[in-house]
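Just so you know, residue 1 is the first one in the sequence shown, and it goes up from there.
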Amino acid sequence: VHLLNVGADEGRDVVLLRRGQPVAVVQCKRYQSPISLPEVFREIAKLLAFAHINRDLIPNADGFGYVLALSGNATGPATSLFHEPERVVRQQKDLIQDCVTQILAEYKAFQGLNAETVTKQVLEILPKLTLKLITRENLDLWLAHRPKVFSKFFATRMLVDVEVVT
């Protein structure tokens, strides 16, 4: 597990490694309202655009893991992407193209990239990824099965009720 610096993380907050090679990324998001399908597509498109520039980010797309960890929830359409990625990608090609165009315009690092080329890559790679959505409801359960991740990224404190003690 490799925690990346806050900020220019190239669409990744945590990289999961196996024998020194990236096998998955975790992108953490803190939103007040449920994350929408276009927002999820923009996050994934951002990662894949950076991978277009630097092939070492995703050395093998087949089965590469993309985990989106949310402090809140996701809308129904966004959740459906994680359950039926091939269907959603097939039905949302125009939305994906719009999202790619938006992120290419938003980031200086993407200057000079061709939207059509990156969109084609996103449409090709996205169905190959192993997608996982972690919402606030299942984060505790997920972490309970991963004590190394929990101990590395979370601090625990013992709280004592003074009235019970006295």
Side-chain angles (χ1 to χ4, degrees), residues 1-136 138-139 142 149:
V1 175
H2 182 66
L3 178 64
L4 299 172
N5 294 330
V6 176
D9 56 26
E10 299 177 332
R12 313 158 301 152
D13 291 311
V14 179
V15 178
L16 305 177
L17 305 167
R18 181 177 297 131
R19 292 183 212 95
Q21 291 295 313
V23 294
V25 297
V26 179
Q27 179 66 22
C28 303
K29 288 293 168 188
R30 184 179 188 143
Y31 288 111
Q32 295 297 334
S33 56
I35 192 170
S36 68
L37 182 59
E39 290 169 316
V40 173
F41 278 146
R42 282 191 292 273
E43 288 300 323
I44 295 172
K46 180 173 58 171
L47 170 67
L48 296 178
F50 276 113
H52 181 77
I53 295 168
N54 178 1
R55 305 267 189 231
D56 292 337
L57 296 181
I58 301 177
N60 181 6
D62 291 319
F64 189 88
Y66 180 86
V67 179
L68 180 62
L70 303 174
S71 62
N73 292 310
T75 64
T79 301
S80 68
L81 173 65
F82 292 86
H83 297 293
E84 302 176 89
E86 290 179 12
R87 179 188 63 80
V88 173
V89 168
R90 189 173 54 252
Q91 293 177 346
Q92 298 293 339
K93 289 180 180 179
D94 290 340
L95 176 58
I96 291 169
Q97 183 174 8
D98 291 345
C99 292
V100 168
T101 300
Q102 290 168 10
I103 62 109
L104 293 183
E106 185 177 338
Y107 292 88
K108 287 182 181 180
F110 300 146
Q111 263 185 336
L113 290 184
N114 179 285
E116 187 176 320
T117 302
V118 176
T119 299
K120 182 180 176 187
Q121 181 178 346
V122 170
L123 291 171
E124 180 183 312
I125 292 176
L126 183 51
K128 295 178 181 180
L129 300 177
T130 300
L131 303 176
K132 173 93 172 144
L133 177 64
I134 300 175
T135 61
R136 67 177 172 217
N138 54 14
L139 181 59
W142 189 81
V149 174

Query raised in the report: Counting heavy atoms not belonging to E106, are there more than 12 under 6.0 Å from its CD?
Result: yes

Query raised in the report: Do L133 and V40 come close enough that some side-chain heavy atom pair is under 4.5 Å?
Result: no

Requested in this report: Report the distance from atom CD of Q91 to atom CG of L81, rounding to the nearest 0.5 Å.
Outcome: 11.5 Å

Query raised in the report: So which pairs with a foot in residues 86-104 pass salt bridge (Lys or Arg N to Asp or Glu O under 4.0 Å), sequence neighbours left out?
Result: E84-R87

Query raised in the report: In terms of heavy-atom contacts, does CZ of R30 have more than 12 from other residues, nucleotides or ligands at under 6.0 Å?
Result: no

Query raised in the report: Is there side-chain contact between I53 and F110, with at least one heavy-atom pair below 4.5 Å?
Result: yes

Query raised in the report: For the atom pair CD1 (I58) and CD (Q121), what is the distance rounded to the nearest 0.5 Å?
Result: 8.0 Å

Query raised in the report: Partners of K29 by salt bridge (Lys or Arg N to Asp or Glu O under 4.0 Å), sequence neighbours excluded?
Result: E43

Report task. Quick one: closest heavy-atom pair of N114 and E116, and the distance? Result -> OD1-N, 2.8 Å

Report summary line: Nearest heavy-atom approach of I125 to A61 is CG2-CB, 3.7 Å

Query - Heavy-atom side-chain proximity of Q27 to Y66 below 4.5 angstrom - result: yes

Query - L37 versus Q92, closest heavy-atom pair with distance - result: CD2-CG, 4.0 Å

Query raised in the report: What's the spacing between S71 OG and Q32 CD if we round to 0.5 Å?
Result: 7.0 Å

Query - I103 to A45 - nearest heavy-atom pair and separation - result: CD1-O, 3.7 Å

Query raised in the report: In Å, rounded to the nearest 0.5 Å, how long is the span from CZ of F82 to CG of L131?
Result: 5.5 Å

Report summary line: Interatomic distance, CG@L47 vs CZ@R42, rounded to 0.5 Å, equals 15.5 Å

Query - N73 vs R136 side-chain heavy atoms within contact, under 4.5 Å - result: yes

What side-chain donor-acceptor pairs closer than 3.5 Å can you find for residues 15-24, not counting sequence neighbours?
none

Report summary line: Heavy-atom nearest pair, A74 first then T135, reads N-CG2, 4.5 Å

Report task. Please name the pair of heavy atoms, one in L104 and one in A115, separated by the smallest distance, quoted to 0.1 Å. Result -> CD1-CA, 3.4 Å

Query raised in the report: Between CD1 of I96 and OG1 of T119, what distance do you get to the nearest 0.5 Å?
Result: 8.5 Å

